[in-house]
Amino acid sequence: MRHRIAVIGAGPAGLTFARVLHRHDHPVTVLERDPAPDARPPGGTLDLHEGLGQLALGKAGLLAEFQALSRPEGQAMRILDVDGTVLRDWHPRPDERANPEIDRGQLRDLLLGPLDVQWGRGVTEVVPGTRDGALVRFADGRQETFDLVVGADGAWSRVRPAVSSATPHYTGVTMIETSLDDVDTRHPDLAQLIGDGSVAVYGVNRNLVAQRNSGGHVKVYAQFRAPLDWHTNVDRLNAGLEASLDLTDVEAVRSSLLALFRGWTAPVLDLLRHGTAFAHRPHYVLPVSHTWAHVPGVTLLGDAAHLMPPLGVGANLAMLEGAELAESVAAALGPGDLDEAVRAFEERMSARAGRLAKMTAAGLERLVSPDPTQALALFDDVQPA
């Protein structure tokens, strides 16, 4: 029996789910609100872990292709003090493939493969328990029913309200993202500072991280503790600037960040001085213990189910969940089997996600801490010298 399955969201979780179902010759409808794959920037680079993201790609039959695209050298990590002193400088072994990097855009294209995604299909609501199954309502007024609707539509999921009243809350940590292009030619000193992977600098309640992507592209992340509305009252950050900040004003944001990180070594500040644009990304999370009572016909994956701080776990976990759910769905023969398979999957997912959500919440506290040595200790715990 072939169940009518829809997955909402063409991110890593949704595409992995669909790709594994495709491998099992099970039809699946992929619905994505973006009008096209390249409608917005895909984001930075991801390190895919052996026991999570790489395991999911293996289930999708894509591990060899991933290995050809990935950058094992991108696992390298250098940590500096605010004065430029090198505190740690870790380089992977030539055979180290525990967490190789891949650009998000490359991963998206790899997962898309033969999938037929319905682009520009924004979902407004999912209503479970109708006579014909779970009802999906679209922004254009149309609607369809399915035996199972999988919400893989991220932090602000439109599917989540069908099973849970939980909403993301602000962590107290915000991030400003910028980029450098053609870094090896245009900024060779910064290219050397960053190396093959990442460079990080930790201060009191703030940090700067620069991470190499492919093609000479670098993502720079400035994180700091601040009220959610910090930009409406910059003085709260003791930056000594005017009382408000226009986040669309590139030079004003640059000046504010340079003031916030005043006193840090000049090469590190150059990461901000040469940034081409700035994006404001406050960190939101769902409650660590977020679960829901099983609702037949609807379930969640990834950030829609358990939004965590961005510490390298979320996308990996979401992909593995997508692969595992797809295998369970493919093995379910009848309507009752499908519901029981989803229920069992949710129990396993919740237990594992709860442990990782707790771990990442504690990690964020250490990475953006009044005591910068906490960040260094966390690195030593994860990647001993």
Side-chain angles (χ1 to χ4, degrees), residues 11 33-35 38-46 82 103-105 122 153-158 167-181 183 186-187 190 194 198-211 213 217-264 266 268-286 303 307-311 314-315 364-365 367-369:
R33 67 178 181 180
D34 283 349
D38 57 354
R40 55 194 171 105
T45 184
L46 289 172
V82 297
D103 289 7
R104 283 180 177 267
D153 50 341
W156 306 103
S157 171
R158 295 300 182 94
T167 56
H169 63 269
Y170 178 52
T171 61
V173 176
T174 200
M175 181 176 76
I176 304 290
E177 174 189 316
T178 189
S179 303
L180 305 173
D181 289 314
V183 68
R186 299 175 62 186
H187 309 290
L190 292 181
I194 298 163
S198 302
V199 63
V201 188
Y202 298 98
V204 175
N205 285 329
R206 64 203 66 186
N207 64 55
L208 272 174
V209 178
Q211 187 173 39
N213 291 222
H217 186 72
V218 170
K219 290 286 187 182
V220 181
Y221 308 100
Q223 296 185 102
F224 49 91
R225 293 197 174 274
L228 185 57
D229 63 348
W230 68 274
H231 53 284
T232 67
N233 191 338
V234 178
D235 286 339
R236 293 183 189 178
L237 301 181
N238 299 314
L241 302 177
E242 63 273 11
S244 64
L245 172 66
D246 180 358
L247 290 172
T248 66
D249 185 333
V250 172
E251 293 310 317
V253 174
R254 191 192 318 277
S255 295
S256 182
L257 289 175
L258 289 172
L260 181 61
F261 291 91
R262 182 182 291 117
W264 288 31
V268 169
L269 295 183
D270 282 343
L271 295 168
L272 301 174
R273 291 192 179 100
H274 296 297
T276 54
F278 295 91
H280 185 220
R281 306 195 191 283
H283 292 329
Y284 285 86
V285 295
L286 283 167
D303 287 350
L307 181 63
M308 304 177 191
L311 268 66
L364 183 64
E365 290 296 313
L367 290 175
V368 192
S369 166

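On a predicted model such as this, the values are computed, not experimentally measured, just so you know.
Checking side-chain atoms of Arg158 against main-chain N and O of Asp153 turns up no donor-acceptor pair under 3.5 Å. Remark: side-chain polar atoms of Arg225 are not paired, donor with acceptor, to backbone N or O of Ser369 under 3.5 angstrom. In this structure, the side chain of Arg262 does not engage the main chain of Leu260 through any donor-acceptor pair within 3.5 Å. Judged by distance alone, the side chain of Asp103 and the main-chain N or O of Asn213 form no donor-acceptor pair under 3.5 Å. The main-chain N or O of Leu367 is found under 3.5 Å from a side-chain atom of Asn207 such that the two form a donor-acceptor pair.
Minimum interatomic distance between Thr276 and Thr178 (heavy atoms only, all atoms of both residues): N-OG1, 3.4 Å. Closest heavy-atom contact between Leu180 and His274: CD2-O, 3.2 Å. A pairwise comparison of heavy atoms in Arg273 and Ala266 identifies NH1-O, 3.5 Å as the closest pair. For the residue pair Val209 and Ala200, the shortest heavy atom distance occurs at CG2-CB, 3.9 Å. The minimum heavy-atom distance linking Trp156 with Pro168 is given by the pair CZ3-CD, 3.6 Å. Across Val82 and Gly203, no two heavy atoms sit closer than the pair CG1-CA, 4.2 Å.
Looking at heavy atoms from C-beta onward, Asp303 lies out of side-chain contact with Tyr284 at the 4.5 angstrom threshold. Side-chain contact between Thr174 and Phe224: present, with at least one pair of heavy atoms (C-beta onward) separated by less than 4.5 Å. A 4.5 Å side-chain heavy-atom check between Phe278 and Val250 finds at least one atom pair inside the cut-off. Put simply, the side chain of Leu190 does not reach to within 4.5 Å of the side chain of Val218, judged on heavy atoms. When side chains are defined from C-beta on, Val201 does not count as touching Phe261, because their heavy atoms never get closer than 4.5 Å. A heavy-atom distance below 4.5 Å is found between the side chains of Trp230 and Ser256. Contact of the His169 side chain with the Val285 side chain is registered, since non-hydrogen atoms from C-beta on lie closer than 4.5 Å. Between Ile194 and Leu271, the closest side-chain pair of non-hydrogen atoms falls below 4.5 Å.
From Arg281, atom CZ reaches atom CE of Met175 across 6.0 Å, with rounding to the nearest 0.5 Å. Of the inter-residue distances, the one linking Leu245 atom CG with Thr232 atom OG1 reads 9.5 Å to the nearest 0.5 angstrom. The NE2 atom of His280 sits 12.5 Å away from atom OG1 of Thr248, with the distance rounded to the nearest 0.5 Å. We find the CG-CD1 distance between Leu247 and Ile176 to be 6.0 Å, quoted to the nearest 0.5 Å. For the atom pair Leu228 CG and Thr171 OG1, the distance stands at 9.5 Å (nearest 0.5 Å).
For Arg33, the CZ atom counts as loosely surrounded, since its 6.0 Å shell holds 12 or fewer non-hydrogen atoms of other residues, nucleotides or ligands.
Partners of Arg186 according to the salt bridge (charged side-chain N to carboxylate O under 4.0 Å, His left out) rule, which considers only residues two or more places apart in sequence or in another chain, do not exist here.
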